[in-house]
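Accompanying notes for the structure given below.
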Amino acid sequence: MGLRDIKVPKMKFKKMKIDIVEELNEIDYEKIEKKNLKKKREIPYEDMTHYKTVKEFFMKSIREYQSKPCILEKPNHKEPYKTVTYKEFGEDVLGLGTALVNVLNLKDKKVMIVGETQYGWYVSYMAMLCGVGIAVPTDRELPVNELENIVRRSNASAIIYSPKKEDDIKRIKEKIPEVEYFIEMKSDKTIDGKDVGLEHLVDLGKKLIKSGNNDFEKIEIDPEEFKILFFTSGTTSNSKGVMLNNRNLAENINAVSAYVKLYPIDRLFSVLPLHHCYESTIGFLLPIACGSSVAICEGLRYIVPNLQEAKPTAILTVPLLVESLYKKINEKIVKSKKDKMVNTMISITNALKGAGIDIKKKVFKEIYENLGGNLRIIVSAAAPIDKKVGLWLEDIGITFLQGYGLTETAPISALTPEYKTCVGSAGKAIVQADVKIKDPNENGEGEILIKTPTLMIGYYEDEEETRKVIDKDGYFNSGDIGYLNEDGYIFITGRSKNVIVTQNGKNIYPEEIEMILDKIDEIKESMIYGKKPEGNSKKEEKELIITARVIPDYEKIEELYGKVSKDEVYDLIWKKIKEVNKKLNSYKAIKSLEIKEGEFEKTSTMKIKRYKELSK
């Protein structure tokens with residue numbers, strides 16, 4: 001499931017009764033106090049893992065957690081989740097890997113994986129990482145010409161694809177005869193020239209293993225060997241090929257284990273696209289390493305019923321979805337006329353928690369039930385989020401974490417420790433990494449530099465670009481602007497490539513202003529940029545006009561004002577912007593407004609592709 005240009009659907013939650021008094025009477029305060037009176041942790045967990053390859057923890061997990069649930073997927077919307085155990089998953093991965101190596105001779109070759117999130121995607125990716133060749137996870141939302149471009153750029157020998165991509169695959173088959181095999185997920189088609197079904201290959205591999213062929217399982221993985229090729233979607237330039245190895249991914253797992261505890265009873269909810277490094281590493285490889293399970297979301301329109309059925313304990317997501325959940329839940333609370341009671345209980349439970357008595361999950365039980373009942377962690381990454389959303393989640397007892405990284409850092413380079421959260425920050429540098437600020441200004445802001453074992457090998461077939469971003473001391477120039485507080489937490493203020501420099505040398509970071517605009521009810525989304533003025537005078541040529549390109553929230557506007565004309569929409573939003581300008585430094589004030597129809601073009605993690613927008 002992709003997230004390109006998504007429209008978050010209307011989420012239907014049950015009406016909330018919230019009988020808090022009854023809940024309070026049932027609580028055993030003495031028992032809870034004893035349980036919670038522990039010394040607050042200040043340092044990373046001492047039992048962090050030290051994996052060197054993905055295969056190392058994969059083999060360990062399929063042995064230790066054989067009968068435990070691994071992947072949960074719905075055959076269709078009407079049927080319940082079907083559970084695949086670790087034993088079954090392990091057998092399928094080893095079967096596929098054996099067939100890809102011994103039957104299709106794809107050892108050490110590049111294999112593209114493209115399709116919506118499904119069981120076959122997980123099996124394919126793990127088989128590649130455990131010894132087949134080089135995986136090329138690819139955005140299924142790309143138009144066919146861009147898919148062709150990636151096939152050519154990567155020199156892929158095979159493509160594993162979902163049935164929904166069949167038409168695109170036919171085009172590629174006609175245009176790129178060099179591709180050796182086209183492998184269809186959810187198919188048991190026998191080998192027919194270049195075509196074959198994934199399930200048939202799994203069965204072939206299992207038969208080979210049963211006959212005594214365990215060559216694939218015996219393949220030893222070099223942690224430093226090039227094994228994954230991610231093409232970045234990019235918000236400021238065209239895609240680059242990021243080369244990663246097994247060590248990069250394994251160090252992500254080690255890094256998280258120092259800051260966050262996951263257990264075999266945990267269940268992650270997969271809502272982001274798997275071709276993205278964030279989801280495939282932290283949303284898939286991490287739970288596999290911990291013996292946890294993964295439940296696949298059917299699609300955005302099914303988020304709420306899927307949550308209530310799968311009952312996850314953790315969700316990895318992006319700000320847009322977190323903010324939508326927050327908004328819809330609070331709308332239900334207000335409609336139920338329980339908002340004052342909830343706010344009062346937040347104050348009371350915060351005070352009790354400070355005294356070592358945490359009763360939030362009991363008090364806000366009904367809110368939890370709307371999210372499946374077991375949710376304890378929400379992780380938001382890929383973009384800034386409104387701080388009040390994170391604070392509210394913490395207020396009702398959900399641990400709110402933020403992660404920071406890029407595809408180039410595979411992806412985690414910073415994460416909020418669960419034992420010492422800091423809402424508003426992008427997290428703290430992972431224990432294996434060093435993060436510093438380059439040439440900080442008077443506010444301590446500068447470009448964020450990262451030195452980490454999760455850092456990529458380099459850009460594919462582009463040594464020049466690699467040298468530009470990795471300095472002689474091994475620090476990666478992230479392109480992000482931010483600062484570190486006294487405790488080492490990272491705060492992102494903008495992207496260096498997006499910065500608007502005024503005639504007087506002042507720096508304006510668009511993201512800072514966009515965060516303010518996006519809180520306005522009448523605005524669905526915004527993009528700030530420096531517009532070149534019309535005219536030929538030298539003075540005018542130097543000065544950029546701070547411009548807001550805005551997508552109105554027409555549904556909200558109609559709810560607030562009734563039906564209004566386009567001119568009136570412009571006037572309403574401009575009035576709101578003038579109120580924002582009063583709160584900004586004068587040099588940051590918005591001078592021009594553009595109303596945009598339709599959606600912004602975005603990456604798969606919902607970041608606006610500014611270079612595409614500005615070229616229009």
Side-chain angles (χ1 to χ4, degrees), residues 1-4 6 71-84 88-89 92-93 95-97 99-100 103-104 106 110-128 132 135-151 154 156-177 179-206 270-276 279-280 284 294-302 306 604:
M1 177 190 57
L3 287 176
R4 184 186 305 279
I6 64 169
I71 309 291
L72 286 80
E73 182 177 29
K74 288 177 77 73
N76 56 62
H77 182 59
K78 293 180 181 178
E79 293 185 52
Y81 272 102
K82 179 188 174 185
T83 301
V84 177
E88 292 167 329
F89 179 63
D92 288 347
V93 169
L96 179 61
L100 292 176
V103 180
L104 301 190
L106 290 171
K110 297 188 189 75
V111 177
M112 174 190 279
I113 307 172
V114 59
E116 60 277 11
T117 300
Q118 58 193 276
Y119 181 66
W121 206 108
Y122 293 110
V123 174
S124 302
Y125 189 53
M126 188 62 82
M128 295 302 299
V132 177
V136 187
T138 303
D139 185 353
R140 75 176 183 91
E141 298 283 354
L142 292 175
V144 67
N145 63 304
E146 290 190 41
L147 286 176
E148 289 171 14
N149 183 39
I150 288 179
V151 174
S154 66
S157 297
I159 302 173
I160 300 175
Y161 66 96
S162 70
K164 288 184 179 179
K165 299 302 293 179
E166 187 177 3
D167 290 342
D168 287 350
I169 294 301
K170 283 179 182 175
R171 289 267 305 270
I172 292 169
K173 197 183 296 184
E174 292 167 3
K175 292 192 173 185
I176 312 176
V179 179
E180 297 172 39
Y181 291 103
F182 297 89
I183 304 162
E184 186 177 356
M185 299 179 197
K186 295 183 179 176
S187 168
D188 58 4
K189 184 191 299 180
T190 57
I191 298 173
D192 180 13
K194 293 185 176 186
D195 296 312
V196 63
L198 184 77
E199 291 177 10
H200 176 67
L201 289 177
V202 171
D203 289 340
L204 277 180
K206 286 180 179 178
S270 180
V271 67
L272 300 178
L274 270 169
H275 76 272
H276 199 281
E279 179 65 19
S280 59
F284 169 43
V294 179
I296 300 169
C297 178
E298 291 178 274
L300 290 172
R301 60 189 289 203
Y302 298 119
N306 283 178
S604 59

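Because only heavy atoms are used, hydrogens play no part in the values below, and waters and symmetry mates are left out as well, while side chains stay in.
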Nearest-0.5 Å distance, [atom1] of residue [X] to [atom2] of residue [Y]:
X: Tyr81; Y: Ile296; atom1: OH; atom2: CD1; value: 8.0 Å
X: Ile169; Y: Leu147; atom1: CD1; atom2: CG; value: 7.0 Å
X: Asp168; Y: Leu142; atom1: CG; atom2: CG; value: 9.5 Å
X: Ile113; Y: Ile159; atom1: CD1; atom2: CD1; value: 11.5 Å
X: Ser124; Y: Gln118; atom1: OG; atom2: CD; value: 8.5 Å
X: Ser154; Y: Asn149; atom1: OG; atom2: CG; value: 9.5 Å

Between [X] and [Y], is there a donor-acceptor pair closer than 3.5 Å when you use the side chain of the first and the backbone of the second?
X: Lys175; Y: Asn145; value: no
X: Tyr122; Y: Val93; value: no
X: Lys110; Y: Val136; value: no

Test side-chain hydrogen bond (donor to acceptor under 3.5 Å, both in side chains) on Asp92 and Tyr119 and set out the steps. CA-CA 10 Å; Asp92 288 347; Tyr119 181 66; 2.6 Å; yes

Please give me the minimum heavy-atom distance between [X] and [Y], naming the atom from each residue.
X: Val179; Y: Lys194; value: O-NZ, 3.0 Å
X: Glu279; Y: Ser270; value: OE2-OG, 2.8 Å
X: Val123; Y: Leu96; value: CG1-CD2, 3.8 Å
X: Glu116; Y: Ser162; value: OE1-OG, 2.9 Å
X: Leu106; Y: Ser157; value: CD2-CB, 4.0 Å
X: Lys74; Y: Pro80; value: NZ-CA, 3.9 Å

Aromatic ring pairing Phe284/Phe89, orientation class (parallel under 30°, perpendicular over 60°, tilted between):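 Judged by the thresholds at 30° and 60°, the geometry between Phe284 and Phe89 is perpendicular.
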
Please list all pairs meeting salt bridge (charged side-chain N to carboxylate O under 4.0 Å, His left out) that have one or both residues in residues 75-84, counting only residues at least two apart or in different chains.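 Every candidate salt bridge (charged side-chain N to carboxylate O under 4.0 Å, His left out) pair involving residues 75-84 fails, so no pair, neighbours aside, qualifies.
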
Enclosure of Lys173 NZ (heavy-atom neighbours >12, cutoff 6.0 Å):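 For Lys173, atom NZ is crowded (more than 12 foreign heavy atoms under 6.0 Å).
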
Are the side chains of [X] and [Y] in touch, meaning some heavy atoms are under 4.5 Å apart?
X: Val84; Y: Glu73; answer: no
X: Pro137; Y: Leu274; answer: no
X: His77; Y: Glu298; answer: yes

For a side chain to side chain contact (heavy atoms under 4.5 Å, CB included) check, start with the C-alpha distance between Glu148 and Ile172, then their side-chain angles and the critical distance, and finish with the verdict. CA-CA 6 Å; Glu148 289 171 14; Ile172 292 169; 3.8 Å; yes

Could you pull out all donor-acceptor pairs under 3.5 Å where a side-chain atom in residues 180-191 meets a protein atom, sequence neighbours excluded?
| unit_1 | atom_1 | unit_2 | atom_2 | d |
| --- | --- | --- | --- | --- |
| Glu180 | OE1 | Lys109 | NZ | 3.2 |
| Glu180 | OE2 | Lys109 | NZ | 3.2 |
| Ser187 | OG | Lys189 | N | 3.1 |

